[in-house]
Amino acid sequence: QVQLVESGGGLVQAGGSLRLSCAASGRAASSYSMGWFRQAPGKEREFVGAIIRSGTYYADSVKGRFTISRDNAKNTLYLQMNSLKPEDTAVYYCAADTFLRGGYYYRSERYDSWGQGTQVTVSS
C-alpha cells in the first residue's frame, strides 16, 4: 500500500484544460499499475484511464482528450484533461495496484490504494 494525494482540480469552462496530479508516498510508483476513476453525483464510480506495464488505456468517453503520464523521479501520476465538457464534472480519484493483483485495468477491484479525490467542475 501507498498513500495517494490528488491535486489540481477546480472550476473550468467547457473547452478548457486541467492537469490533475497524484503524488504517491512510500513505494515507487513505477513498480505498480495505477488508474484514474471518477464519480459524479448520484452515479457509480467509473473508469477513466490506467497505466500498466503494456501501456496506457482509456475509457471511450475520454479517449483523444485525456492523457495519463508518470514522472518516476517525482513519484507522481498525472491526468492531462483537454477539451473538457460539462459531463466531465465529477470527483476524480487516483488508485494503485500495490499488491500486484493484476486483472482488468478498468475494474476498481484491482486497486488497493486510493486517494481522497479532487473535484473537477466544468461549466457550459
Side-chain angles (χ1 to χ4, degrees):
Q1 291 183 301
V2 296
Q3 184 174 13
L4 305 175
V5 180
E6 300 100 334
S7 62
L11 175 65
V12 65
Q13 291 184 322
S17 299
L18 283 174
R19 188 179 74 163
L20 305 184
S21 299
C22 175
S25 61
R27 188 176 173 185
S30 61
S31 65
Y32 45 83
S33 298
M34 298 186 71
W36 286 98
F37 291 77
R38 66 187 182 186
Q39 187 168 23
K43 297 183 179 180
E44 293 188 350
R45 186 173 298 179
E46 66 173 342
F47 169 75
V48 174
I51 181 166
I52 62 177
R53 292 184 65 183
S54 60
T56 53
Y57 300 87
Y58 303 91
D60 289 341
S61 60
V62 306
K63 194 174 299 181
R65 299 189 297 120
F66 291 10
T67 303
I68 293 173
S69 61
R70 171 187 275 160
D71 187 330
N72 293 329
K74 295 182 178 180
N75 216 29
T76 300
L77 185 75
Y78 300 99
L79 179 66
Q80 178 66 47
M81 305 184 295
N82 298 326
S83 302
L84 283 163
K85 305 174 181 179
E87 47 264 49
D88 294 319
T89 295
V91 177
Y92 284 70
Y93 301 89
C94 64
D97 178 18
T98 67
F99 294 163
L100 306 182
R101 292 169 176 166
Y104 295 109
Y105 56 80
Y106 54 82
R107 294 180 63 88
S108 61
E109 291 83 358
R110 173 175 181 156
Y111 305 96
D112 53 88
S113 298
W114 293 81
Q116 83 290 346
T118 185
Q119 176 71 48
V120 172
T121 302
V122 184
S123 61
S124 59

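Predicted model only: the values in this text are computed from it and were never measured. Only heavy atoms go into these numbers, but all of them, side chains included; no hydrogens, no water, no symmetry mates.
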Indicate whether any N or O donor in one side chain lies under 3.5 Å from an N or O acceptor in the other, for Y78 and R19.
-> no

How about E46: does its CD atom have over 12 heavy atoms from other parts shown lying under 6.0 Å from it?
-> yes

d(C94 SG, L77 CG) to nearest 0.5 Å is 6.5 Å

Non-hydrogen side-chain atoms of L79 and L18 separated by less than 4.5 Å | no

Y106-Y58 co-clustered via ILVMFWY side chain contacts under 4.5 Å = no

All pairs passing ring-ring contact (aromatic ring centres under 6.0 Å, His included) where residues 9-39 contributes a residue, at least two apart = F37-F47, F37-Y111, F37-W114

When rounded to the nearest 0.5 angstrom, what distance separates OG in S123 from CG in L84?
-> 10.0 Å

Atom pair CG/CD of L11 and Q119 - distance to nearest 0.5 Å | 9.5 Å

Value rounded to 0.5 Å, distance of CG in N75 from OG in S25 | 8.0 Å

Between A14 and P86, what is the shortest heavy-atom contact and its length?
-> CB-CD, 4.2 Å

Indicate yes or no: at least one non-hydrogen side-chain atom of N82 is less than 4.5 angstrom from one of F66.
-> no

Atom CG of D97 and atom OG of S113: how far apart are they, to the nearest 0.5 Å?
-> 9.0 Å

Check the side chains of T76 and D71 for a donor-acceptor pair under 3.5 angstrom, ignoring hydrogens and angles.
-> no

Does any non-hydrogen side-chain atom of Y92 lie less than 4.5 Å from one of M81?
-> yes

Taking the side chain as C-beta and beyond, is there a heavy-atom pair between V91 and T118 under 4.5 Å?
-> no

Hey, are the side chains of Q13 and V122 touching, using non-hydrogen atoms and a 4.5 Å cut-off?
-> no

What is the distance from atom OG of S83 to atom CZ of R65, rounded to the nearest 0.5 Å?
-> 7.0 Å

Are any of the side-chain heavy atoms of D88 and R38 separated by less than 4.5 Å?
-> yes

Step through the shown structure and confirm whether more than 12 heavy atoms of other residues, nucleotides or ligands are within 6.0 Å of OH on Y104.
-> no

Results of side-chain hydrogen bond (donor to acceptor under 3.5 Å, both in side chains) for S33 - residues two or more places apart only | R110

Smallest separation among heavy atoms of Y93 and E6, with atom names | CA-OE2, 3.2 Å

Under a 4.5 Å side-chain heavy-atom rule over Ile, Leu, Val, Met, Phe, Trp and Tyr, are Y105 and I68 clustered together?
-> no

Taking atom CZ of R101 as the centre, does the number of heavy atoms from other residues, nucleotides or ligands within less than 6.0 Å exceed 12?
-> yes

Tabulate below the donor-acceptor pairs under 3.5 Å that side-chain atoms of residues 49-56 make, not counting sequence neighbours, or state none.
{"from": "S54", "atom 1": "OG", "to": "Y57", "atom 2": "OH", "distance (Å)": "2.7"}

Of all the heavy-atom pairs spanning S17 and Q80, show the shortest one and how long it is.
-> CB-NE2, 4.0 Å

M34 side chain near L4 side chain, heavy-atom distance below 4.5 Å | yes

